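Here the structure is laid out as structure tokens; the discussion comes afterwards.
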Amino acid sequence: MARWIPILGAGVALAAFLIYTGTFKVDERKQGLVLQFGQVVRIADDPGLYFKVPLIQEVAFYEDRILPVETSELEVTPADERRLVVDAFARWRIADVVRFRQSVGDERQARLRLSQILNDSLRQVLGSVPQADVLSPERQTLMTRIRDVARSQAGAFGVEVIDVRIRRADLPAQNLQATFDRMQAERAREAADERARGRERAQEVRATADREATELVSDAQRRAEVIRGEADAERNRVFAEAFQRDPEFFAFYRSLTAYERALRGTNSTMVMAPNSEFFNYLRSDQRAPSALAATPVGGTAPSVSSAAAPVASPIPAGETETDGGADSAVEEAIEELLERAEPVLTPEEGAGEVEAETPPVE
């Protein structure tokens, strides 16, 4: 019995060795290739426990996750010949592990190849568009185009490019100041254009407002003149009607109005002959000369500085006619005028002035 113990132990050790070397486990983050003398026998891409022939077959593991690849700063020249410094990155995964092993072998070589493909794709796509598209919302479309170009080239060695992103797109340092100056000049030109359009619009508005104001004022003046003319016509009609009813009283009343207006104010000194027609109604009860009665309606009584100057004044607006029997009112008006005229008609110092005598009223 004791001699079987070493044999049994050797068998257990051999079984353990065979089990250890004949099985392998695939992690969910990996995928494996079973190789026999360097040739791919099968693919173990699902997680779990697998068997292989010990000492004859071996297993090579590859990443099944999405992997990154970075690019160095790349200087590209867009279609408008304005250079840009672009920094981009990509995300990729192994889509065909057999082709990947046959083409590039490992991940380090794959990153080098992908970096070169990504640089070529950036130059190809960004070189066909102007700089403004790279710095605008159109960048998303450009990144999609770069991804498609890189994917078509990377598929040849079993790699799928998931996404490409432009991290930074700036101007070269030596071109920044010139670009800023040009941008400022463009903005200043646009601002000047806007101000010019604003001034033009303001002038149009002012011209329209001035024209409308002129039209309104002209229309108002026209209407005022029409109304004023109608009022004058009505006043003349009333005066003419009153004159036709009693011409003598009308001339008398206008003479009294002329007296009142001639003696109004502080400048009440008059130089005239005592027998002037101005005093006809103060000398006697005879009718006034036709010159007083014929004074145009609406005229004003002038200050007399020469002898025998006829003076008359219109009836105030609003008065139409006077009863011929208002003798007492007329006498009171004449007395009042005489009281006003006594201190005024006193001669003052000065050569050429004569005393204006007032004959008694009969």
Side-chain angles (χ1 to χ4, degrees), residues 28-31 45 60-194:
E28 64 272 9
R29 296 168 295 181
K30 303 285 185 178
Q31 53 183 335
D45 53 357
F61 294 99
Y62 296 93
E63 285 286 346
D64 196 29
R65 295 176 294 180
I66 296 176
L67 303 174
V69 58
E70 302 286 340
T71 63
S72 58
E73 291 186 354
L74 179 66
E75 187 170 308
V76 298
T77 304
D80 53 1
E81 301 297 331
R82 298 178 180 178
R83 293 183 300 170
L84 287 174
V85 177
V86 179
D87 183 10
F89 66 92
R91 294 291 182 265
W92 62 281
R93 62 183 298 271
I94 301 174
D96 189 344
V97 65
V98 177
R99 183 180 297 179
F100 179 81
R101 177 179 175 82
Q102 294 173 349
S103 300
V104 295
D106 56 16
E107 295 177 8
R108 187 180 66 84
Q109 294 296 328
R111 285 192 176 91
L112 293 176
R113 294 284 298 275
L114 283 174
S115 178
Q116 184 62 37
I117 290 174
L118 187 58
N119 290 343
D120 295 341
S121 302
L122 287 170
R123 286 193 174 95
Q124 177 181 346
V125 175
L126 299 183
S128 62
V129 297
Q131 183 190 71
D133 291 349
V134 182
L135 304 177
S136 69
E138 292 293 328
R139 180 186 292 190
Q140 179 63 41
T141 304
L142 297 178
M143 290 187 295
T144 303
R145 290 175 55 187
I146 295 171
R147 182 203 63 187
D148 295 340
V149 173
R151 180 180 293 178
S152 63
Q153 297 180 13
F157 50 91
V159 171
E160 178 186 5
V161 178
I162 304 298
D163 194 13
V164 175
R165 294 290 169 177
I166 298 176
R167 180 185 291 117
R168 182 173 63 92
D170 293 334
L171 296 171
Q174 61 271 20
N175 296 345
L176 282 177
Q177 188 60 43
T179 303
F180 291 156
D181 294 340
R182 184 173 61 254
M183 292 174 64
Q184 290 176 356
E186 291 177 356
R187 297 301 181 271
R189 179 183 56 79
E190 293 176 359
D193 293 342
E194 292 294 333

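Just so it is clear, the structure is predicted and the values come from calculations on it, not from any experiment.
When all heavy atoms of Trp92 and Ala110 are compared, the pair lying nearest together is CH2-CB, 4.0 Å. Contact record, Ala169 with Val134: CB-CG1, 4.0 Å, taken as the closest heavy-atom pair. Considering every non-hydrogen atom in both Glu63 and Lys30, the closest pair reads OE2-NZ, 2.8 Å. Nearest heavy-atom pair across Gln31 and Ile94 is NE2-O, 3.6 Å. In this structure, Arg123 and Leu74 approach most closely via the heavy-atom pair NH2-CD1, 2.7 Å.
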Inset, instruction - Would you please test Arg165 and Gln140 for side chain to side chain donor-acceptor pair (under 3.5 Å) and show each step? - result: CA-CA 9 Å; Arg165 294 290 169 177; Gln140 179 63 41; 2.9 Å; yes
Inset, instruction - Give the C-alpha distance, both sets of side-chain angles, the deciding distance and a yes or no for side chain to side chain contact (heavy atoms under 4.5 Å, CB included) between Phe89 and Asp87. - result: CA-CA 7 Å; Phe89 66 92; Asp87 183 10; over 6 Å; no
Inset, instruction - I would like to know whether Arg93 and Leu67 meet side chain to side chain contact (heavy atoms under 4.5 Å, CB included); could you show each step before the answer? - result: CA-CA 6 Å; Arg93 62 183 298 271; Leu67 303 174; over 6 Å; no
Inset, instruction - May I have the step-by-step check of side chain to side chain contact (heavy atoms under 4.5 Å, CB included) for Gln184 and Arg187, ending in yes or no? - result: CA-CA 5 Å; Gln184 290 176 356; Arg187 297 301 181 271; 5.8 Å; no
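In this structure, CG in Asp170 is found 8.0 Å from CG in Leu84, a value given to the nearest 0.5 Å. The distance from the CD atom of Gln153 to the CD atom of Gln124 is 7.0 Å, given to the nearest 0.5 Å. To the nearest 0.5 angstrom, Leu118 atom CG is 13.0 Å from Arg147 atom CZ. Between atom CD of residue Glu160 and atom CZ of residue Arg91 there is a gap of 14.5 Å, rounded to the nearest 0.5 Å. From Asp133, atom CG reaches atom CZ of Arg139 across 11.5 Å, with rounding to the nearest 0.5 Å. Atom CZ of Arg145 and atom CD of Glu138 lie 10.0 Å apart (nearest 0.5 Å).
Under a 3.5 Å cut-off, the side chain of Ser128 and the backbone N or O of Val125 do form a donor-acceptor pair. The main-chain N or O of Val161 is found under 3.5 Å from a side-chain atom of Arg151 such that the two form a donor-acceptor pair. Remark: side-chain polar atoms of Thr77 are not paired, donor with acceptor, to backbone N or O of Arg83 under 3.5 angstrom. Distance alone, capped at 3.5 Å, is enough to place a donor-acceptor pair between the Ser103 side chain and the Arg99 backbone. Side chain of Asp106 to main chain of Gln109: a donor-acceptor pair is present (N/O by atom type, distance under 3.5 Å, no hydrogens or angles).
Screening Leu122, Ile166, Asp163 against Met143 for a side chain to side chain contact (heavy atoms under 4.5 Å, CB included) leaves a single residue, Ile166.
Counting heavy atoms from C-beta outward, Val86 and Glu73 have side chains that stay 4.5 Å or more apart. The shortest distance between side-chain heavy atoms of Leu114 and Val159 falls below 4.5 Å. The shortest distance between side-chain heavy atoms of Pro78 and Leu126 does not fall below 4.5 Å.
With 3.5 Å as the limit, one finds a donor-acceptor pair spanning the side chains of Gln116 and Asp120.
The cationic group of Arg101 does not satisfy the cation-pi geometry with Tyr62, failing either the under 6.0 Å distance to the six-membered ring centre or the 45° limit from the ring axis.
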